[in-house]
Amino acid sequence: MEKIIVRGGNRLSGTVKVEGAKNAVLPVIAATLLASDGKSVIRDVPTLSDVYTINEVLRFLNAEVGFDNNTVTVDASRELKVEAPFEYVRKMRASVLVMGSLLARNGRARVALPGGCAIGSRPIDQHLKGFEAMGATVKVGNGFIEAEAPEGKLHGAKIYLDFPSVGATENIMMAATLAKGTTILENVAKEPEIVDLANFLNKMGAKVRGAGTGTIRIEGVDVLFGAEHHIIPDRIEAGTFMVAAAITGGDVLVKGAVPEHATSLIAKMEEMGVQFIEEEEGVRVIGPSELKAVDIKTMPHPGFPTDMQSQMMALLLHAKGTSVITETVFENRFMHVEEFRRMNADVKIEGRSVIMEGPSNLQGAEVAATDLRAAAALILTGLVADGITRVTELKHLDRGYVDFHKKLASLGADIERVTEADEDMSTTEQTIITDLNA
Ligand SMILES: CC(=O)N[C@H]1[C@@H](OP(=O)(O)OP(=O)(O)OC[C@H]2O[C@@H](n3ccc(=O)[nH]c3=O)[C@H](O)[C@@H]2O)O[C@H](CO)[C@@H](O)[C@@H]1O
Ligand SMILES: C=C(OP(=O)(O)O)C(=O)O
């Protein structure tokens with residue numbers, strides 16, 4: 001078993017570079033399936049396990065996929081299969097994003113039902129409502145969702161989402177690009193990753209307008225072509241390093257961070273006493289000697305992102321006073337609270353809120369990551385906890401962070417990643433050294 005071992009107490013300083021965004025690259029790679037002609041070249045792609053998974057899904061569907069030097073190339077010009085099996089969807093829910101492309105391209109798609117995950121039940125009813133409005137027949141059975149367009153082609157429609165779901169906005173947008181007529185999609189998600197996907201689709205020859213606002217219009221075209229695209233920087237990875245700087249009272253330049261993508265996070269951290277300086281290359285973050293408590297409510301963009309909730313919890317545990325975090329996006333995204341308690345955090349759950357009395361006297365402990373952001377948050381807590389923190393279940397971390405421990409070490413953190421055998425060895429070595437010194 002692999003673990004990350006952190007010894008708390010070091011102040012971070014220096015420069016860290018942000019990767020391309022996981023949540024932008026997954027839908028963009030799914031969209032490459034829409035091109036029946038030409039090759040797509042996607043740059044600034046992070047080497048995350050989720051990227052390897054979506055590439056495998058595309059290969060299974062008969063696309064030719066390469067991944068080298070942070071660049072993914074996709075040739076989807078051959079005839080595609082229509083089915084994404086459970087082995088991929090189980091590994092990564094975002095595999096359902098191939099459904100819109102397959103339905104548009106083939107007139108039929110069969111994708112394993114994703115089911116729930118560690119942060120909630122996560123239904124996809126809004127995706128399916130959109131496909132149905134565009135004329136598809138949708139059937140659910142035997143663990144699969146099957147959608148079929150009449151005579152192989154969807155038609156444009158007016159669709160209002162009950163909630164601005166990121167995945168539903170992306171899936172319906174992709175499906176509508178090759179539909180007959182115009183689709184008007186209302187109450188859509190406004191995340192920067194939606195805008196990135198729309199930009200890529202337009203480079204492929206699609207006619208998408210309004211991404212980043214509450215209404216998106218998609219005029220269907222007959223054919224789409226492979227295109228070249230650079231993925232936007234990962235605002236959640238950037239935010240995680242902003243918290244790392246702040247929690248340690250450090251001074252870190254987060255290179256590549258786009259402040260306009262992080263306005264709610266920066267505003268809240270400023271309220272806590274953190275200083276931000278916009279520089280040409282990114283955002284410099286300077287942590288105060290004492291952090292102030294604040295209240296936070298997660299919301300769809302441009303509200304406070306749920307994907308920063310657990311990292312912010314780590315920061316608030318270290319702040320002076322009472323803080324409240326309310327989670328409104330996911331029904332069950334507080335699994336990490338029990339792990340924080342193992343580190344002596346003074347935190348309690350009340351319905352959809354968590355109440356913290358800070359600063360907690362945080363202590364190193366062995367803790368398990370419950371999802372990818374919880375993995376990062378526990379490591380951040382380890383940076384200021386007294387003693388040694390060991391974080392397990394790193395498969396979650398690898399879904400969303402490239403070389404997280406190496407990047408923190410380069411900023412001065414005392415952190416390493418070991419397999420259990422390595423750790424036994426170093427413990428033995430330490431015992432020998434202690435014996436020799438005795
Ligand atoms: C790969 C990716 O981009 N993942 C992000 C995406 O996930 P994802 O696209 O799954 O998130 P959604 O915005 O769709 O989900 C938000 C909420 O809406 C609910 N819902 C969603 C769809 C639906 O048809 N019915 C329904 O009830 C979900 O259960 C959840 O409670 O946006 C989330 C919200 O910003 C982020 O936390 C994830 O990191
Ligand atoms: C919840 C997340 O991702 P996913 O939707 O891929 O599970 C995340 O990135 O924090």
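Atoms within each ligand, like the ligands themselves, are counted from 1 in listed order.
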Only heavy atoms count here, so choose which of [options] is nearest to [atom].
atom: atom 7 (O) of ligand 2; options: R122, R93, M92; result: R122
atom: atom 6 (O) of ligand 2; options: H396, Q309, R399; result: R399
atom: atom 9 (O) of ligand 2; options: E237, R333, R373; result: R373

Run the numbers for me: atoms of ligand 1, each under 4.0 Å from some heavy atom of [X], listed by number.
X: R333; result: 37 (O)
X: H127; result: 24 (O)
X: Q126; result: 23 (C), 24 (O), 25 (N)
X: F163; result: 16 (C), 17 (C), 18 (O)

> Does ligand 1 have any atom that is closer than 4.0 Å to a heavy atom of E327?
Replying inline: no
Below a 4.0 angstrom heavy-atom separation, can you tell me which part of [X], side chain or backbone, both or neither, approaches ligand 2?
X: L26; result: neither
X: T306; result: neither
X: D371; result: neither

Side chain, backbone, both or neither: which part of [X] comes within less than 4.0 Å of ligand 1 when only heavy atoms are counted?
X: D307; result: side chain
X: P123; result: both
X: T306; result: side chain

> Going by the order shown, which atoms of ligand 2 are within less than 4.0 Å of some heavy atom of I119?
Replying inline: 1 (C)
>> Is atom 2 (C) of ligand 1 near the protein, in the sense that some protein heavy atom lies at less than 4.0 Å from it?
In response: yes
> Using a distance-only test with no angle check, is there a side-chain donor-acceptor pair under 3.5 angstrom linking E357 and T322?
Replying inline: yes
> Salt-bridged, E338 to R341, with N to O below 4.0 Å?
Replying inline: yes
> What residue among K22, K17, K407 forms salt bridge (Lys or Arg N to Asp or Glu O under 4.0 Å) with E237?
Replying inline: K407
